[in-house]
Amino acid sequence: MSASSPADRKALAACRDQVVLDGAVIERAAASGAPLAAIAALAEGWDRLPEGTRDLVRNPLGRTTPGPVKWGDTAAKQVDQTTCGAAVIAMELMMTDPFVALWVTSGRLLGDYVPAEVAAIDDFGRGLRSTERRWRALQRSLHVATSRRAVAGLPWPRALGTAPWRVDNVTRVAGLKFATALLDDSSVDDVAAMVAHASAALREAIPVPMYTGGDSRMGVTAMVPRHVVLLTSVTDHVFLVYEPSSGQLRELPGALWLEDGTVRPALGHWSRICCLVLPVPRKRS
């Protein structure tokens with residue numbers, strides 16, 4: 001640190017001052033790739049934020065038990081039938097990037113720093129004067145972004161939602177990349193391995209997108225991934241799942257990942273888990 005500027009040293013000191021009470025927020029800010037000046041601005045201005053805003057930046061889900069996810073009067077639902085993937089990416093961003101969470105829930109930006117996903121939204125700094133408008137705008141922008149060049153450089157049809165391999169392209173946590181892993185939900189061993197991998201990610205505060213669908217009894221089109229949910233935490237092998245069509249957190253025991261034809265609310269009223277988007281270590285160059 002001998003080569004750091006006085007501003008950098010001040011920023012680090014301010015961050016350290018906040019670690020005792022909100023170390024997790026600072027860690028998420030650093031992992032988001034935000035510049036040091038923005039992290040310092042967050043640390044220095046933290047105590048001046050309203051308590052309710054701080055609570056939602058700490059935990060954008062607003063709760064740790066099953067139930068509706070709401071920010072005031074805004075329900076955290078997907079915009080339409082095609083944006084379940086975009087809603088999941090948006091929620092994942094809010095959980096891993098406090099600057100995105102702060103903007104969605106309060107409209108605030110810190111200094112000159114604007115997260116890339118917010119900067120991609122038209123009129124992000126004007127006209128979006130409610131949490132609901134910002135939440136919907138973030139979803140729509142992400143839906144457009146993940147539809148571009150999805151198949152051999154060609155656009156992905158937006159009516160089909162979000163392609164799994166586009167979710168892993170846009171997910172960002174420092175030092176990690178993400179890969180889509182298919183699940184054989186008829187195999188006890190495969191399910192156990194996937195449950196373990198997802199649980200390990202969640203223990204590191206990394207949410208896990210999950211694609212769901214149906215089986216041949218529901219028609220041929222049901223056999224491909226049809227919906228996206230987000231694993232947000234796990235306790236005693238019971239996962240808490242953000243389900244965007246209802247805007248609810250729902251429980252899903254790991255023992256129920258094996259396919260048995262039962263339609264489950266936590267899977268968006270589908271019966272099967274098709275694949276997960278999981279973190280893998282980034283190779284050092």
*Go through the steps for Thr53 and Ser106 under the test side-chain contact (heavy atoms from CB on, under 4.5 Å), then give the verdict.*
CA-CA 7 Å; Thr53 298; Ser106 72; 4.1 Å; yes
*Mind checking whether Phe239 and Trp257 have parallel, tilted or perpendicular rings, split at 30° and 60°?*
tilted
_Within the supplied structure, the quantity of interest is the number of heavy atoms (other residues, nucleotides, ligands) at a distance under 6.0 Å from Arg63 CZ; does it exceed 12?_
yes
_I'd like to know if the side chain of His197 and the backbone of Pro279 have a donor-acceptor N/O pair within less than 3.5 Å._
yes
_Quick check on the hydrophobic clustering: are Leu182 and Val208 connected, directly or via other members, by side-chain heavy-atom contacts under 4.5 Å?_
no
*Measuring from His227:NE2 to Cys84:SG, what's the distance to the nearest 0.5 Å?*
5.5 Å
*Cluster question for you: counting only ILVMFWY and a side-chain heavy-atom cut-off of under 4.5 Å, with indirect links fine, are Trp103 and Val114 together?*
yes
*Would you say Cys275 and Leu183 make side-chain contact, with heavy atoms under 4.5 Å?*
no
*If you look at every heavy atom in Ala87 and Gln139, which pair is closest and at what distance?*
CB-OE1, 3.5 Å
*Rounded to the nearest 0.5 Å, how far does CG of Leu102 lie from CG of Leu56?*
10.0 Å
*Run the side-chain contact (heavy atoms from CB on, under 4.5 Å) check on Val241 and Met210 step by step: do they pass?*
CA-CA 9 Å; Val241 182; Met210 171 188 281; 5.9 Å; no
*May I ask you to decide if Ile273's main-chain N or O and Thr212's side chain share a donor-acceptor pair within less than 3.5 Å?*
no
*Which atom pair, heavy atoms only, marks the closest approach of Pro207 to Ala205?*
CD-O, 3.5 Å
*asked:* Would you say that Ser186 contacts Glu259 through its side chain, given a criterion of any heavy-atom pair below 4.5 Å between the two side chains?
replied: no
_Distance-minimising heavy-atom pair for Ala137 and Leu128_ = CB-CD1, 3.9 Å
*Donor on one side chain, acceptor on other, Glu243 and Ser245, under 3.5 Å*: yes
*For the residue pair Asp97 and Pro115, what are the closest heavy atoms and their distance?*
OD2-CB, 4.3 Å
*Are any side-chain N or O atoms of Ser130 and backbone N or O atoms of Arg133, one a donor and one an acceptor, separated by less than 3.5 Å?*
yes
*Kindly write out the residues that satisfy salt bridge (Lys or Arg N to Asp or Glu O under 4.0 Å) with Asp80, not counting sequence neighbours, or none if the list is empty.*
Arg140
_Residues forming a salt bridge (Lys or Arg N to Asp or Glu O under 4.0 Å) with Arg250, sequence neighbours excluded_ = none
*Between Phe99 and Leu42, is any pair of side-chain heavy atoms under 4.5 Å apart?*
yes
*Examine Val79 and Val228 and state if one hydrophobic cluster contains both, with Ile, Leu, Val, Met, Phe, Trp and Tyr joined whenever side-chain heavy atoms are less than 4.5 Å apart.*
no
*Going from CE on Met94 to CD1 on Ile89, what distance comes out if it is rounded to the nearest 0.5 angstrom?*
14.5 Å
_Distance-only side-chain donor-acceptor flag, Asp260 / Thr262, under 3.5 Å_ = yes
*asked:* Which residues pass the side chain to side chain donor-acceptor pair (under 3.5 Å) test with Asp55, not counting sequence neighbours?
replied: Arg58
*asked:* Treating Asp184 as the side-chain partner and Asp190 as the backbone partner, does any N or O pair qualify as donor plus acceptor under 3.5 Å?
replied: no
_If you count every heavy atom of other residues, nucleotides or ligands that lies below 6.0 Å from Arg54 atom CZ, does the total exceed 12?_
yes
*Counterpart residues, side chain to side chain donor-acceptor pair (under 3.5 Å), relative to Ser233 (two or more places apart)*: none
*asked:* Counting C-beta onward and ignoring hydrogens, is there a side-chain heavy-atom pair between Leu202 and Leu240 closer than 4.5 Å?
replied: no
*Hey, could you give me the OH/SG distance between Tyr211 and Cys274, rounded to the nearest 0.5 Å?*
10.5 Å
*Quick one: CD on Glu92 to CZ on Phe178, what's the gap to the nearest 0.5 Å?*
6.0 Å
*Can you check side-chain contact (heavy atoms from CB on, under 4.5 Å) on Val57 and Trp46, steps first, answer last?*
CA-CA 10 Å; Val57 172; Trp46 184 251; 3.8 Å; yes
_Which residues pass the side chain to side chain donor-acceptor pair (under 3.5 Å) test with Arg136, not counting sequence neighbours?_
none
*Please walk me through it: do Arg28 and Thr96 pass side-chain contact (heavy atoms from CB on, under 4.5 Å)?*
CA-CA 6 Å; Arg28 282 162 43 210; Thr96 58; 5.6 Å; no
*asked:* Is there a path of hydrophobic side-chain contacts, each under 4.5 Å between heavy atoms of I/L/V/M/F/W/Y residues, joining Val238 to Leu258?
replied: no
_Listed partners of Thr105 passing side chain to side chain donor-acceptor pair (under 3.5 Å), at least two apart_ = none
_Which atom of Leu249 lies closest to which atom of Val69, heavy atoms considered_ = CG-CG2, 3.7 Å
*What heavy-atom pair brings Trp71 and Met91 nearest, and what distance separates the two atoms?*
CZ2-CE, 3.8 Å
*When rounded to the nearest 0.5 angstrom, what distance separates CG in Leu61 from CG in Leu230?*
8.0 Å
